[in-house]
Amino acid sequence: MAKSFSFLSLILVLLAVGCSGGKNQEAAEAAVEALQAVDSAVSVGTNMVNYRQAIVLARTEVDQYLAKDSDSEFAQNLSRAMDGHQAAADWWQCEIARAQNSLETRWDAQARCRDAVLPSIFVLYPDAEPKVEAAVANRQSPLEYQSQALDPDAMLQFVWRHTSADTDKVIEAL
């Protein structure tokens, strides 16, 4: 009886692992599909509102997967790609930044906004920081904001290249 009980227990454990593995696989596939939708929005050209909506929808799927697995290399690449898209959206959102007072120009407001986003980009993509520092150092006049030395579209493209590479890693790992 003890042997049959342990054999039955083993079968139940294997079934449970198989079922949860299947659910994990389904969650991973759903997260990847959602992430691919965000990448597609970038590649076909989109507006900021649609891009943000795609990110919100994808974030739900990605977070559901990350609740089950946050330690694997797959999960880390998935998370980095999603966080990269969020940083890109935040950077892009700075296009419509408004001056906080009459002494601040729209250009200053955009630069202040972008400078607030730069640290998250540096955390995600450490290779960005030396490039930004070099761009700032190459300026003849002192700058109030680091991002004033940057081409906003080039930085957005830089982040999108990284998110695309992270998405490719996620797809390969699936």
Side-chain angles (χ1 to χ4, degrees), residues 14-98 109-135 146-147 149-174:
L14 290 174
L15 285 173
V17 168
C19 289
S20 67
K23 288 181 183 178
N24 247 8
Q25 183 67 24
E26 289 172 15
E29 289 171 2
V32 169
E33 286 176 22
L35 186 58
Q36 285 177 306
V38 177
D39 272 5
S40 292
V42 170
S43 64
V44 299
T46 188
N47 62 40
M48 189 181 335
V49 172
N50 291 341
Y51 183 54
R52 280 204 175 274
Q53 285 177 328
I55 290 171
V56 168
L57 294 173
R59 178 61 75 181
T60 301
E61 295 294 335
V62 168
D63 286 349
Q64 285 177 1
Y65 178 80
L66 293 175
K68 297 172 184 172
D69 169 25
S70 60
D71 295 329
S72 70
E73 184 176 342
F74 174 85
Q76 291 171 2
N77 287 328
L78 183 66
S79 180
R80 187 173 45 249
M82 202 65 242
D83 291 345
H85 279 298
Q86 185 63 57
D90 292 346
W91 181 270
W92 194 1
Q93 184 75 31
C94 293
E95 287 294 315
I96 60 172
R98 302 282 182 236
Q110 290 173 344
R112 179 182 33 78
C113 178
R114 289 186 185 115
D115 271 20
V117 177
L118 277 176
S120 63
I121 293 172
F122 294 161
V123 167
L124 289 167
Y125 314 115
D127 59 320
E129 192 166 12
K131 291 176 183 179
V132 169
E133 289 172 354
Q146 282 185 311
S147 61
L150 306 174
D151 176 348
D153 291 332
M155 180 57 83
L156 197 55
Q157 294 300 321
F158 171 85
V159 173
W160 281 338
R161 277 192 304 278
H162 278 76
T163 60
S164 179
D166 288 334
T167 300
D168 289 345
K169 289 176 190 174
V170 167
I171 293 167
E172 288 172 16
L174 190 62

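When a residue number appears, it is its place in the shown sequence, counting from 1.
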Can you give the donor-acceptor pairs under 3.5 Å from side chains of residues 119-127 to other protein atoms, not counting sequence neighbours?
| from | atom 1 | to | atom 2 | distance (Å) |
| --- | --- | --- | --- | --- |
| S120 | OG | V117 | O | 2.7 |
| D127 | OD1 | H162 | NE2 | 3.4 |
| D127 | OD2 | H162 | NE2 | 3.4 |

Is R52 reaching over with its side chain to a backbone N or O of A89, donor-acceptor style, under 3.5 angstrom?
yes
What's the spacing between E33 CD and S40 OG if we round to 0.5 Å?
11.0 Å
Does any donor atom in the side chain of S164 or D39 lie under 3.5 Å from an acceptor atom in the other side chain?
no
Rounded distance (nearest 0.5 Å) linking atom CG of N77 with atom CE of M82:
14.0 Å
Check against side-chain hydrogen bond (donor to acceptor under 3.5 Å, both in side chains), D90 and Q86
CA-CA 6 Å; D90 292 346; Q86 185 63 57; 3.0 Å; yes
Can you see which heavy atom on K68 is nearest to which on A27, and at what distance?
NZ-CB, 3.8 Å
Atom of N47, atom of N50 and distance for their closest heavy-atom approach:
OD1-N, 2.7 Å
Which atom names give the shortest non-hydrogen contact between D115 and Q146, and what distance separates them?
OD2-N, 2.9 Å
Shortest non-hydrogen pair, S70 vs Q76, comes out as O-CG, 4.3 Å
Going through the checks in order, is the side chain to side chain contact (heavy atoms under 4.5 Å, CB included) test met by L174 and Q25?
CA-CA 8 Å; L174 190 62; Q25 183 67 24; 3.7 Å; yes
Are the side chains of M155 and L118 in contact, using a 4.5 Å heavy-atom criterion?
yes
Quick one: CZ on R114 to CD on Q110, what's the gap to the nearest 0.5 Å?
5.0 Å
Is there a side-chain contact between Q93 and C113, using heavy atoms and a 4.5 Å cut-off?
no
Could you tell me if the side chain of W91 sits less than 4.5 Å from the side chain of L150, heavy atoms only?
yes
Check residues 55-63 and write down every donor-acceptor pair under 3.5 Å in which the side-chain atom is one partner and the other belongs to a residue at least two apart or another chain.
| from | atom 1 | to | atom 2 | distance (Å) |
| --- | --- | --- | --- | --- |
| R59 | NH1 | D83 | OD1 | 3.4 |
| R59 | NH2 | D83 | OD1 | 3.0 |
| T60 | OG1 | V56 | O | 3.3 |

To the closest 0.5 Å, what do you measure between CG (L66) and CG (D71)?
10.0 Å
What closest approach, in Å, do V159 and G84 show between heavy atoms, and which atom pair accounts for it?
CG1-O, 3.3 Å
Would you say S79's side chain and A75's backbone share a donor-acceptor pair under 3.5 angstrom?
no
Going by the ring-ring contact (aromatic ring centres under 6.0 Å, His included) test, which pairs reach into residues 25-68, not counting sequence neighbours?
Y51-H85, Y51-W92, Y51-W160, Y65-F74
